[in-house]
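Scroll down for the structure; my scribbles are underneath it.
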Amino acid sequence: MGWDEAKFKHLGLWVPVLAVLLLGTCRAHPIPDSSPLLQFGGQVRQRYLYTDDAQETEAHLEIRADGTVVGAARQSPESLLELKALKPGVIQILGVKTSRFLCQGPDGKLYGSLHFDPKACSFRELLLEDGYNVYQSETLGLPLRLPPQRSSNQDPAPRGPARFLPLPGLPAAPPDPPGILAPEPPDVGSSDPLSMVGPSYGRSPSYTS
C-alpha cells in the first residue's frame, strides 16, 4: 500500500501542470469570430454607382481610360467599379476596365489615376436610410459629386449629384468556345428523336422520316 500511495501522490503533482498547459493552449488558439461585421478589412465589392440626384436622367459613375470621370446614362464596362475596404468606413474605388483609381482634387474635381494616393483616393462611405450612400473624401471632407452634364447661366457653379446607389455588378459571361455549336432540339416526328442511331450517312431509307 505504501508504494501505491506514493504513486498516486506523484500523479497528483502533475494535475496542476497539465491544467496550466491546457489553459495556455486554449488561449493561444482562440476560435475565430465569423461575424461579417468584424471581417471588414480587405472586403472587395464590384458595383455600379448609380445616382439620380438633381438629374433628369439616370447616371452611372464612369472612369474612362483618359482619366476623366463622367456620368453615363447606361451601365458600361467603364462604369463597373471595384470598392475595396481600406478600414472600417473607408474605401478605395477602382475602375475594373481602366485600372484607374477614383480620386478627388482640392477643388472637388474627380479624376482617374493609375496610382493610388491615400490622401486623394480614399473615401468615407456613409449609408443612408433609403439605401443610397454618400461618399466623402477622407482627407478633404468634400462630397463625391459627378460633374454637371450641362451648365446653367442662372447657376454659375452647378453641383452634380451626391447620393449614389451601389448596384451589384457581375462580370460579363465568357464567350462560347469556337467550333462548339449548341445542341439542336429533338425532332419529335422522327423515328430517332434523340439521334441515337447516328448520322444519316449510309442509313437505310427505312430509317428516314
Side-chain angles (χ1 to χ4, degrees), residues 35-152 154-175:
S35 173
L37 299 177
L38 299 180
Q39 298 176 356
F40 200 83
Q43 183 185 18
V44 178
R45 298 163 288 162
Q46 286 194 352
R47 295 290 188 270
Y48 296 98
L49 290 185
Y50 162 83
T51 181
D52 59 357
D53 269 3
Q55 199 84 20
E56 294 182 0
T57 58
E58 64 180 10
H60 301 82
L61 191 149
E62 185 176 278
I63 305 177
R64 295 183 174 175
D66 59 357
T68 58
V69 178
V70 298
R74 298 180 179 273
Q75 295 180 357
S76 67
E78 287 78 12
S79 62
L80 180 60
L81 308 174
E82 182 179 275
L83 281 61
K84 181 178 180 180
L86 302 176
K87 55 185 178 181
V90 179
I91 64 171
Q92 69 180 27
I93 302 175
L94 174 70
V96 174
K97 181 176 177 60
T98 61
S99 297
R100 286 183 175 270
F101 294 95
L102 180 66
C103 304
Q104 189 177 42
D107 57 352
K109 183 178 180 180
L110 300 176
Y111 63 94
S113 174
L114 293 174
H115 304 283
F116 177 73
D117 182 0
K119 295 183 179 180
C121 311
S122 300
F123 296 92
R124 290 193 173 275
E125 187 178 39
L126 307 176
L127 279 64
L128 304 179
E129 295 181 355
D130 57 2
Y132 282 77
N133 293 350
V134 173
Y135 300 91
Q136 295 179 348
S137 170
E138 184 186 21
T139 302
L140 303 173
L142 299 175
L144 190 156
R145 295 180 181 273
L146 284 177
Q149 292 187 347
R150 55 177 176 268
S151 59
S152 173
Q154 298 179 356
D155 188 2
R159 308 184 71 186
R163 296 190 317 158
F164 293 89
L165 182 64
L167 300 176
L170 299 177

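This structure is a prediction, so every number in the text was calculated from the model and none was measured.
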* **Test side chain to side chain donor-acceptor pair (under 3.5 Å) applied to Asp130 - qualifying residues, sequence neighbours left out** =>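 With neighbours one apart ignored, the set is Arg163.
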* To do: Taking side chain to side chain donor-acceptor pair (under 3.5 Å) as the test, write out the residues that go with Gln136, two or more places apart.
  =>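 Per chain and number, Gln136 pairs via side chain to side chain donor-acceptor pair (under 3.5 Å) with no residue.
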Would you give the length of the straight line joining atom [atom1] of [X] to atom [atom2] of [Y], rounded to the nearest 0.5 angstrom?
| X | Y | atom1 | atom2 | value |
| --- | --- | --- | --- | --- |
| Glu82 | Leu102 | CD | CG | 13.0 Å |
| Leu61 | Thr51 | CG | OG1 | 9.5 Å |
| His60 | Leu165 | NE2 | CG | 9.0 Å |
| Ile93 | Lys84 | CD1 | NZ | 14.0 Å |

Tell me the closest heavy-atom pair linking [X] and [Y], and the distance in Å.
| X | Y | answer |
| --- | --- | --- |
| Phe164 | Ala162 | CD1-O, 3.5 Å |
| Arg145 | Leu110 | O-CD1, 3.2 Å |
| Arg64 | Arg100 | O-CD, 3.5 Å |
| Ser122 | Leu86 | OG-CD1, 3.5 Å |

* **Asp66: partners by salt bridge (Lys or Arg N to Asp or Glu O under 4.0 Å), with sequence neighbours left out** =>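 Testing Asp66 for salt bridge (Lys or Arg N to Asp or Glu O under 4.0 Å), a comparison that skips the adjacent residues, returns none.
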* Asked: Which pairs with one or both residues in residues 71-137 pass disulfide bond (SG atoms under 2.5 Å apart), sequence neighbours excluded?
  ->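 Output for this query lists Cys103-Cys121.
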* To do: Could I get the full list of side chain to side chain contact (heavy atoms under 4.5 Å, CB included) partners for Thr139, not counting sequence neighbours?
  =>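 With sequence neighbours excluded, Thr139 shows a side chain to side chain contact (heavy atoms under 4.5 Å, CB included) to Lys119, Ser137, given in chain and number order.
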Would you mind writing out the side-chain donor-acceptor pairs for residues 70-81 within the sub-3.5 Å range, not counting sequence neighbours?
| residue | atom | partner | partner atom | Å |
| --- | --- | --- | --- | --- |
| Ser76 | OG | Glu62 | OE1 | 2.6 |
| Ser76 | OG | Glu78 | N | 3.4 |
| Ser76 | OG | Ser79 | N | 3.4 |
| Ser79 | OG | Ser76 | N | 2.8 |
| Ser79 | OG | Ser76 | O | 2.8 |

With the side chain counted from C-beta on, respond yes when [X] and [Y] share a heavy-atom pair under 4.5 Å apart, and no when they do not.
| X | Y | answer |
| --- | --- | --- |
| Leu144 | Leu49 | no |
| Asn133 | Phe123 | no |
| Leu127 | Glu125 | yes |
| Tyr132 | Tyr50 | yes |

* Pairs involving residues 81-103, ordered by first then second residue, that meet ring-ring contact (aromatic ring centres under 6.0 Å, His included) (sequence neighbours left out) ->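 Every ring-ring contact (aromatic ring centres under 6.0 Å, His included) pair that includes a residue of residues 81-103, provided the two are not neighbours, is Phe101-Phe116.
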* Can you check whether Pro143's main-chain N or O pairs, donor with acceptor, with Gln104's side chain at less than 3.5 Å? ->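 Between the backbone of Pro143 and the side chain of Gln104 there is a qualifying donor-acceptor contact (under 3.5 Å).
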* Qualifying residues under ring-ring contact (aromatic ring centres under 6.0 Å, His included), relative to Tyr111, sequence neighbours excluded ->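 Applying ring-ring contact (aromatic ring centres under 6.0 Å, His included) to Tyr111 gives none.
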